[in-house]
A.B. asks: 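First the structure, which I've put down as structure tokens, then a few questions once you've had a look.
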Amino acid sequence: MTLFLQQLMNGIGNGVVYASVALALVLIYRTTGILNFAQGEMALFSTYITWKLTDAGLGIIAAIAVSTLIAFVFGAIIERVLIRPVEHASPFVILIVTIGMFLAISSITVTIFGDDEKQLPSAFSERAWSVADVSVTLEFVGLVVVLAAECLLLWLLLQRTKLGLGLRAVASNPESARLVGISSGTMLMFGWAIAAALGAIGGAVYVPTTPALTAGSMQAVLVYALAAATLGGFDSPLGAVVGGLIVGVAEALAIQYVEPLHDITLVVPFILIGAVLLFKPTGLFGRRIVERV
Amino acid sequence: MSVLKVHDLRGGYGPVRVLHGLSFEVNAGEIVVILGANGSGKTTTLRAVSGMLNATGSVLLHGEEVLGRSPERIARSRVAHVPQGRGTFPELTVEENLRVGAYSRSDSAIADDIDRWFGVFPRLKERRHQQAGSMSGGEQQMLAVSRALMMNPELLLLDEPSLGLAPLVTQELFEQLGTLNRTTSISMLVVEQNANLALKIAQRGYVLEAGLIVASGTAAELKSNDEVRKAYLGMA
């Protein structure tokens, strides 16, 4: 039982990370219709900036704040410079662009920061409590709280603010949005900027729970996040969160209880993606496009 | 005083020229209809006016040249365009659609205006929390018009409001538009194939054929024009 709870907790810990990356994927997908394969690498680059800042002597919290801000700006620039020119191109062209960004950002990261392992300090102290024989670390609680707050803020932004209304309007009908005076370009820039900032925070709280920061730190996360978004439904922020948690827990339990999967846990997300596409292609919370004539 | 004055408007899609030099105007408080068959350039004309299409010539709003400005900038000059088919945001609720309509406004009367259009179109009020995309074509057209009116426009551009609507719904919609025009000072430019209904509420009209204005006059004149009667009113 203790083992089960421990694994469940590991699963939730990873799950919130997958959820936050999936949330960024969904945010960009909903506003631009683009599947951003570079989301993980964008987060990786921001995490390296966070590391560089702490390495230069800045406190970890301040470093996260600064790198989040930098990510926000870079996200906007990426939209403006790389995405805007292909905005109306075919989905395949855009797909190639985001895969190109994935490769480019990955290489740039290694070129700038090197390919050796780095230790990113945690934003949380090493306190831990023992609850029912399970060790609950402050790190874990912090991770869950930070990412839950991130999701909540994003939800409030989208559902309760004027900026969010504009973002959703552009996502729903870009032409009509322009006809009511909403500058769709500005909205899309905001969407990318927010997604990049989410990635920076997610990376900075996730990486310290892993052995080290390396160039490959976010690659598996992206695969799990894609599984999470597919499971939850690509147009549903709530789905991204629930999907992330399910994928995280499924992964942890599969490692523990399914002997053959011990060393190939990356199979788990692919099985999930396959199953969702087979049985419920819109995902758990995805909406079928309703249209009446 | 003309709200909209278009002169020698030319434009099209890529190498295909659709408009071959149109001139027309809409005076303050007027409903003007542009009649024309499919492919005559009606939609293209409206798109050029609201900045969705690259065109040459001149489009004056209150005497100010707006040709070449972005659609969002023209919209902020209080020009509302209800595009052909559906101009709604299908994933947003009815109420959110109306709030999006007021996006570029910053005054405090937005909530009152939402109630106002709910009063005019009670069906929308019943469905205020429903996704716009799940409503019938007629309801969506009413929503698209209300959404455009939330902009507090001086000029309303309507692209075939009758398209795909049942005859009774179309009639109701046109009656509402006529009432709106009488009770507010909103000028309207309506492009329509349903000449009967459109000429009932319009003061003046133009006939568009293959990108050129071939006839113009008051609604009464157009109704008695033999060519118009034959081509658009189904009378010999």
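Both backbone and side-chain heavy atoms feed into the values below; hydrogens, waters and symmetry mates do not. Chain letters run A, B, ... following the sequence lines, proteins first, then strands; residues in each count from 1.
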A.B. asks: Quick check on the interface: out of A:A169, A:G166, A:A177, A:A171, who has the most heavy-atom pairs with chain B under 4.5 Å?
C.D. replies: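 Most heavy-atom pairs under 4.5 Å with chain B: A:A169.
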A.B. asks: Using heavy-atom distances under 4.5 Å, tell me whether B:M52 contacts chain A through its side chain, its backbone, both, or neither.
C.D. replies: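 The answer is the side chain of B:M52.
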A.B. asks: Ion pair present between B:E64 and B:R69, side-chain N to carboxylate O less than 4.0 angstrom?
C.D. replies: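 Yes, this pair counts.
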A.B. asks: Verify the distance criterion only: is there a donor paired with an acceptor across the side chains of B:S58 and B:E65 at less than 3.5 Å?
C.D. replies: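 Yes, a side-chain donor-acceptor pair sits under 3.5 Å.
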A.B. asks: Between B:H7 and B:E25, do the side chains contain a donor N or O and an acceptor N or O under 3.5 Å apart?
C.D. replies: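 Distance-only check fails for B:E25 and B:H7.
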A.B. asks: Does one side chain, of B:E192 or B:S162, offer a donor that lies under 3.5 Å from an acceptor on the other?
C.D. replies: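 Yes - a donor-acceptor pair under 3.5 Å links their side chains.
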A.B. asks: Where does B:R78 contact chain A at under 4.5 Å (heavy atoms): side chain, backbone, both or neither?
C.D. replies: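 Neither part.
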A.B. asks: Taking all non-hydrogen atoms of both residues into account, name the closest pair between A:G13 and A:V16 and its distance.
C.D. replies: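 In terms of heavy atoms, the two residues are closest at O-CG2, 3.1 Å.
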A.B. asks: What part of B:S77 is in contact with chain A, defined as an atom under 4.5 angstrom from a non-hydrogen atom: side chain, backbone, both or neither?
C.D. replies: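 Neither part.
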A.B. asks: Check each atom of B:R73 against the heavy atoms of chain A and say whether the ones under 4.5 Å are side chain, backbone, both or neither.
C.D. replies: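 Contact with chain A is absent: no heavy atom of B:R73 under 4.5 Å.
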A.B. asks: What part of B:V82 gets within 4.5 angstrom of chain A, counting heavy atoms only: side chain, backbone, both, or neither?
C.D. replies: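 Neither part, no heavy atoms under 4.5 Å.
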